[in-house]
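First up is the structure itself, then whatever we jot down about it.
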Amino acid sequence: MSWGTELWDQFDNLDKHTQWGIDFLEKYAKFVKERIEIEQNYAKQLRNLVKKYCPKRSPKDEEPRFTSCIAFFNILNELNDYAGQREVVAEEMGHRVYGELMRYSHDLKTERKMHLQEGRKAQQYLDMCWKQMDNSKKKFERECREAEKAQQSYERLDNDTNATKADVEKAKQQLNLRTHMADENKNEYAAQLQNFNGEQHKHYYIVIPQIYKQLQEMDERRTIKLSECYKGFADSERKVIPIISKCLEGMILAAKSVDEHRDSQLVIDCFKSGFEPPGDFPFEDYSQNIYRTISDGTISTPKQEGMRIDSKTTVGKAKGKLWLFGKKPKGPALEDFSHLPPEQRRKKLQQRIDELNRELQKETDQKDALIKMKDVYEKNPQMGDPSSLQPKLTETMSNMDRLRMEIHKNEAWLSEVEGKVAARSDRRHSSDINHLVTQGRESPEGSYTDDANQEVRSPPQQHTHPNEFDDEFEDDDPLPAIGHCKAIYPFDGHNEGTLAMKEGEILYIIEEDKGDGWTRARRHNGEEGYVPTSYIDVTLEKNSKGAVTYI
């Protein structure tokens with residue numbers, strides 16, 4: 001199967017076909033170029049998407065690292081790597097497919113032009129041979145007609161009796177001349193005919209098959225090149241499939257790394273205040289005055305010391321603690337973090353101690369390096385002056401002393417906080433145990449009931465004025481002090497029912513912490529309110545008459 005033998009007379013169609021082949025090659029190259037642009041734009045959009053959702057975190061950012069957030073950040077990193085692989089695909093296609101196609105198309109056009117020029121030259125040469133043969137043929141035909149006319153003229157004169165001998169002789173000479181010329185043209189025509197037949201045979205059996213064979217080979221190479229580019233187009237993406245699979249596997253591993261329990265613990269670590277929940281509100285029995293007034297002959301329940309409670313203060317206490325569950329009042333940030341709840345304070349102090357320890361380690365390493373360098377300079381003076389290192393060494397030692405002092409100070413604060421938290425936990429534990437002890441349930445009238453829904457807790461029995469029924473609008477006597485305390489940290493006391501205090505201030509304790517993290521205190525001027533138990537150092541008096549008793 002050869003174009004030279006099968007398509008010997010289809011030069012024009014082969015010209016069109018080879019041109020179509022090159023156009024198709026360039027069309028596929030254009031397709032590859034557009035695919036490259038798509039890959040590049042896709043990779044660019046993916047990178048912009050990753051950049052948009054990546055957190056802009058500073059090195060000192062202390063946001064909680066939830067596993068769900070970490071997994072999402074890992075997925076973004078994997079997606080960024082995936083975008084990089086799309087760029088690799090585009091680069092590989094551009095180099096291996098598009099660039100190769102454009103170079104090959106240029107070479108193909110040059111080769112095609114050369115083969116077609118050779119074919120046209122061969123056709124022009126054959127046409128020239130044909131014209132030479134045709135001209136010799138026409139000349140031979142013309143001379144034959146002239147010789148025939150001369151023959152007829154000679155015969156006519158030879159048969160004419162009136163013709164002179166000279167005319168006959170002249171006609172004979174003319175006949176001989178024309179006959180000779182006809183013979184010469186005949187030989188010329190025969191030679192040209194033989195030459196044309198030879199060139200024509202050579203043209204159609206040697207030259208044209210050779211040219212068409214080269215065109216066929218060129219077109220087949222174009223087809224093979226397209227096949228290779230098709231394969232390279234797929235290989236460009238197949239090469240990155242293992243890496244893309246790793247990216248996808250990384251996303252799956254990131255998804256599996258999400259730990260809901262760890263995230264819940266992080267929420268606790270982040271927001272835990274360290275305060276104790278508020279205790280139960282005491283039952284305030286306002287009906288006792290009514291019963292005593294109506295039942296003149298009834299034996300009333302004897303008054304006990306500390307029976308009346310300041311309702312205003314109780315309400316204030318409830319309002320003052322609302323910030324524990326809502327928005328915490330803002331205050332100035334202090335060096336020892338005393339403005340924070342205990343647990344958050346402990347966390348911040350521990351973080352600061354860790355940072356200081358890292359800085360101390362850096363300074364220690366720098367000191368060791370300076371000492372070694374100084375020793376080297378002392379042994380080899382030509383390398384440097386040992387005294388030039390002394391200022392830096394002194395500065396490093398000073399920094400180390402400063403860091404040690406800072407660490408010691410923060411560790412003292414941390415020990416103080418941890419001691420307070422431990423003491424409060426023990427007190428809460430004891431309170432929980434006491435709360436679980438089964439006690440009798442007494443109705444407001446003093447009788448017992450077995451209905452658990454009617455169970456109430458008696459109010460704190462505080463000291464009341466002897467003439468409490470004389471005038472219910474008279475001011476209540478202040479509660480007796482059951483101890484005193486010293487303010488370890490300052491407290492703002494912005495909320496209603498709380499008492500502001502300064503660091504080192506001495507206050508009287510008039511009501512102990514009931515497990516809710518608050519202690520009722522009073523100043524020397526009589527101002528009362530609640531203060532955080534963790535902010536004070538409490539000293540209770542034994543057998544105090546003002547001790548609060550619960551039934």
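By convention here, the first residue in the shown sequence is residue 1. Being a predicted model, the structure only gives us computed values, none of them experimental.
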- Run the ring-centre check on Tyr53 versus Phe73 and record whether the distance is less than 6.0 Å. no

- Between Phe140 and Tyr189, how do the two ring planes meet: parallel, tilted or perpendicular, split at 30° and 60°? parallel

- Does a donor on one side chain sit under 3.5 Å from an acceptor on the other, for Gln265 and Asp269? yes

- Query: Would you call Asp15 and Arg112 a salt bridge, taking side-chain N to carboxylate O under 4.0 Å as the test?
  - Reply: yes

- Task: May I ask you to decide whether Asp401 forms a salt bridge with Arg404, counting only side-chain N to carboxylate O separations under 4.0 Å?
- Result: yes

- Task: Return the set of residues passing side chain to side chain donor-acceptor pair (under 3.5 Å) with Asn135 (not counting sequence neighbours), or none when no residue passes.
- Result: none

- Query: Could Glu26 and Lys109 be called an ion pair, given the rule that one side-chain N must be under 4.0 Å from one carboxylate O?
  - Reply: yes

- Applying salt bridge (charged side-chain N to carboxylate O under 4.0 Å, His left out), run through Asp375 and Lys372 and close with a yes or a no. CA-CA 5 Å; Asp375 293 339; Lys372 290 181 180 179; over 6 Å; no

- Query: Hey, is Glu87 close enough to Arg47 for a salt bridge, meaning N to O under 4.0 Å?
  - Reply: yes

- Task: Using only heavy-atom distances, determine whether the side chains of His115 and Glu111 contain a donor-acceptor pair under 3.5 Å.
- Result: yes

- Query: Could you give the distance from OG (Ser136) to CD (Glu141), rounded to the nearest 0.5 Å?
  - Reply: 11.5 Å

- Look up atom CG in Asp127 and atom CZ in Arg120, then write down how far apart they are to the nearest 0.5 Å. 13.0 Å

- Would you call Glu228-Lys231 a salt bridge at under 4.0 Å N-O? no

- Query: Is it true that Arg86 and Glu237 have a side-chain N and a carboxylate O under 4.0 angstrom from each other?
  - Reply: yes

- Taking Asp134 as the fixed residue, which of Lys138, Lys137, Lys131 is the one that meets the side-chain hydrogen bond (donor to acceptor under 3.5 Å, both in side chains) rule? Lys138

- Does a side-chain N-to-carboxylate-O contact under 4.0 Å join Arg35 and Glu39? yes

- Taking every non-hydrogen atom, the tightest pair across Ser257 and Ala254: OG-O, 2.6 Å

